[in-house]
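Below: one structure, written as structure tokens.
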Number of protein chains: 2
Amino acid sequence: MAVKDSHTEQQIKDAARKLFFTEGRFKATTQEIADAAGVNRTLVNYYFRSRDLLFDQILQEARTTMDLRLEMAMSAETDFKKKIEHFIDIFMEQSFTYPYLDIYMVTRINEDVERQNQIITDLKKTERLKNFLRDIDTEIKKGTIEKIDPVQFLMNLMSLLSHPVVIQPLFKKLFNYSDKQYRQMMIARKEIILKMLFK
Amino acid sequence: MAVKDSHTEQQIKDAARKLFFTEGRFKATTQEIADAAGVNRTLVNYYFRSRDLLFDQILQEARTTMDLRLEMAMSAETDFKKKIEHFIDIFMEQSFTYPYLDIYMVTRINEDVERQNQIITDLKKTERLKNFLRDIDTEIKKGTIEKIDPVQFLMNLMSLLSHPVVIQPLFKKLFNYSDKQYRQMMIARKEIILKMLFK
DNA sequence: CCTTTGTTTGACAAATTTGTCAAACTTTAT
DNA sequence: ATAAAGTTTGACAAATTTGTCAAACAAAGG
């Protein structure tokens with residue numbers, strides 16, 4: 001028992017991440033998380049003190065991980081279009097595993113307008129983001145992409161990538177798409193998005 | 001008293017709509033709704049029997065209204081690009097008043113995978129939607145827009161419109177945008193979206 | 001073997017939220 | 001004016017959920 005149970009903490013976090021960010025079950029209770037992790041409910045309190053602290057922790061970690069991955073992907077390339085391609089790959093992969101990360105954050109922001117939690121208040125324009133905007137500006141001056149507010153360019157990129165994943169359950173119902181069909185459509189999007197941004 | 005209170009039911013629905021679809025407070029309790037409506041909490045049960053029935057009702061109504069508005073806007077025009085322009089106008093207007101309508105539906109779908117509620121199960125490809133897809137196809141054949149899967153075209157349109165509104169709270173924190181700045185950016189998007197779709 | 005430390009459990013208390021009910025109150029129609 | 005129907009209220013019960021605690025248990029070191 002002891003050997004396996006030594007990573008109880010990790011099991012709980014994994015279960016919570018899956019419920020929240022992957023399945024979008026924002027109302028999941030500590031009991032549901034514990035069940036999904038296959039552990040006793042009070043262990044959530046033992047390891048994380050409270051439900052909200054657990055949420056904050058996995059949110060924090062997810063953000064840090066994502067930031068690092070994008071940082072790596074972007075800095076590896078010198079060509080702007082290649083950078084964007086890399087960005088799309090990483091972001092899309094992330095979106096498949098954690099489709100609800102962003103809107104979870106949004107609902108948390110809205111949840112409680114006054115008593116804002118630390119992690120969300122800490123959201124700041126990162127160095128990476130600033131660099132990215134600067135890159136876009138450079139490309140416009142070079143003429144690689146058409147004249148556009150860099151913020152709008154970024155907004156377009158994120159929208160085209162993120163929204164289809166968020167809206168997936170609705171869309172599947174509307175169009176009677178299977179999981180497989182949906183995934184294929186998403187994969188086909190990469191080329192489409194590139195065309196829209198650069199053509 | 002009596003005259004004013006005769007539309008208690010309406011007041012409750014208005015308050016719920018605002019909390020859910022406008023402010024994205026998905027966890028709002030009956031007490032909060034009642035407070036926002038300025039009425040006694042038990043009146044929610046009196047008029048709607050249960051919390052969930054109230055939610056279902058306003059969701060149903062919102063969908064019907066939106067459908068009708070789009071129907072009108074789209075059928076009024078013969079020119080495809082004009083149709084899209086109209087669509088953008090209506091959809092954007094809707095998004096300003098009910099930015100969280102879509103993701104509320106998504107979270108409701110995810111909430112409870114087995115016991116699916118009626119309204120959400122009822123989601124079907126509407127006549128309007130089918131016509132729209134057919135229109136897109138026609139335009140491709142005419143050469144007005146580049147060759148693309150009509151579903152992908154629709155997905156692009158919806159993404160470019162919807163996502164910025166959904167992500168608004170996150171975005172405002174990241175870029176330190178005021179409400180006014182954000183709105184201006186959104187308004188500027190109309191032209192940008194048209195360019196991306198048709199150029 | 002025994003102690004110390006860390007982990008797990010069930011029982012319990014507290015807080016939150018929902019829904020019901022009878023009584024009070026209003027309005028409308030007779 | 002009175003009855004009937006509809007509306008509003010506070011009190012109550014039930015359900016759900018969270019967090020605490022002491023006791024049980026397991027592992028590791030002396």
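Source: prediction; values computed, not measured. Chain identifiers are assigned alphabetically (A, B, ...) following the order of the sequence lines, protein sequences preceding nucleic acid strands; residue numbering begins at 1 within each chain.
At least one side-chain nitrogen or oxygen of A:T30 sits closer than 4.0 Å to the OP1 or OP2 atom of D:dT18. Contact annotation: A:Y46 does not reach the phosphate of D:dG19 (side-chain N/O to OP1 or OP2, under 4.0 Å). At the phosphate of C:dG10, OP1 or OP2 sits under 4.0 Å from a side-chain N or O atom of A:N40. In this structure, B:S50 does not reach the C:dT18 phosphate: none of its side-chain N or O atoms is under 4.0 Å from OP1 or OP2. When the side-chain nitrogen and oxygen atoms of B:T42 are compared with OP1 and OP2 of C:dC21, none of them lie within a distance under 4.0 Å.
Distance B:Q31 CD to C:dG19 P: 13 Å, rounded to the nearest Å. Whole-Å rounding puts the A:L43 CG to C:dG6 P distance at 16 Å. Atom CD1 of B:I12 and atom C1' of D:dT8 are 11 Å apart (whole Å). One atom, CG of A:N45, and another, P of C:dT9, lie 14 Å apart when rounded to the nearest Å. Rounded to a whole Å, the CD atom of A:E32 is 7 Å from the P atom of D:dT17. Atom C1' of nucleotide D:dG19 and atom CZ of A:F55 are separated by 14 Å, given to the nearest angstrom. The CZ atom of B:F48 sits 15 Å away from the P atom of C:dT20 (whole-angstrom rounding). For the pair A:D35 CG and D:dT18 C1', the interatomic distance rounds to 15 Å; values are reported in whole Å.
When the nucleotides D:dT8, C:dA11, D:dT17 are ranked by their closest atom to the side chain of A:T29, D:dT17 comes out on top. Taking the side chain of B:R51 as heavy atoms from C-beta on, and the options D:dT18, C:dG19, D:dT8, the nearest nucleotide is C:dG19.
If you take CE on A:M105 and CZ on A:F21, they are separated by 8.5 Å, rounding to the nearest 0.5 Å.
In terms of modelled atom types and a separation under 3.5 Å, the side chain of A:T97 and the main chain of A:Q94 share a donor-acceptor contact.
For D:dG10, the base has no donor-acceptor partner in the side chain of B:R41 [N/O atoms by modelled type, under 3.5 angstrom].
Salt-bridge annotation for A:D137 and A:K141: present, with a side-chain N of the basic residue lying under 4.0 Å from a carboxylate O of the acidic one.
Using a 3.5 Å distance cut-off with no hydrogens or angles, the side chains of B:N131 and B:R128 do not pair a donor with an acceptor. Under the 3.5 Å distance criterion, with hydrogens and angles disregarded, no donor-acceptor pair is assigned to the side chains of B:Q152 and B:N156.
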